[in-house]
Amino acid sequence: MLRVDQAGEYGATRIYAGQLAVLRRNCPEAKLVARMAAQEQRHLARFDALMAERRVRPTALQPLWNVAGFALGAATALMSEQAALACTDAVETEIDKHYGQQLRDLGEDDPELAADIEAFQAEELEHRDTARAAGAQEAIGYPLLTGAIRAGCRVAIALSKRI
Ligand SMILES: [Fe+2]
Ligand SMILES: [Fe+2]
């Protein structure tokens, strides 16, 4: 669980880094993204610490998520500000489902980890809602774009659990 969660939060920081590299500095979307990126940084730091504490190795796919995350962020931001927000909408929708499943799987087994996942899940949902409120659904091709990104997230999650 820690391996896939750390991979996901790492990917999130890379997506937002890609978006911030492209978005005009100080445009409203860049400000939203910067705030969300800071939260992803905190999520990542927490999973990094838990992994070190519990001697879990990171996913071997980290170099791939580095490049793929940045590319996804940059590509969506190049399409439009709304597409960048639609990317957040899609990613956070899958992460919410993923964390929800983990919490069900954990049950009462690991209250320390469950508390972190619960707190992060709430923030991811807030990211999704922030993106929607800022116009994610106005992105051209929103259903296709978010459908493709969500499918990509599911593949990334499945791979990071195994490799
Ligand atoms: Fe996160
Ligand atoms: Fe997030």
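Both counts, for ligands and for their atoms, begin at 1 and track the order of listing.
Looking at Glu92 and the Fe ion (ligand 2) together, the shortest N, O or S contact belongs to OE2. Taking the Fe ion (ligand 1) as reference, Glu40 places its N/O/S atom OE1 nearest. Take the N/O/S atoms of Glu9: the one nearest the Fe ion (ligand 1) is OE1. Considering just the N/O/S atoms of Glu124, the one nearest the Fe ion (ligand 1) carries the name OE2. For His43, the N/O/S atom at the shortest distance from the Fe ion (ligand 1) is named ND1.
In terms of modelled atom types and a separation under 3.5 Å, the side chain of Arg3 and the main chain of Arg57 share a donor-acceptor contact. Judged by distance alone, with hydrogens and angles left aside, the side-chain atoms of Arg162 form a donor-acceptor pair with the main-chain N or O of Ala158 at under 3.5 Å.
Taking the six-membered ring for Trp and the full ring otherwise, the centers of Phe120 and Phe47 sit less than 6.0 Å from each other.
When each of Leu44, Asp48, Val4 is tested with Glu9 by the rule side chain to side chain contact (heavy atoms under 4.5 Å, CB included), just one qualifies, namely Leu44. Partner Glu124 forms a side chain to side chain contact (heavy atoms under 4.5 Å, CB included) with one of His98, Glu40, Glu94, Met36 and no other, that one being Glu40.
With 2.8 Å as the limit, His127 does not count as an N, O or S neighbour of the Fe ion (ligand 1).
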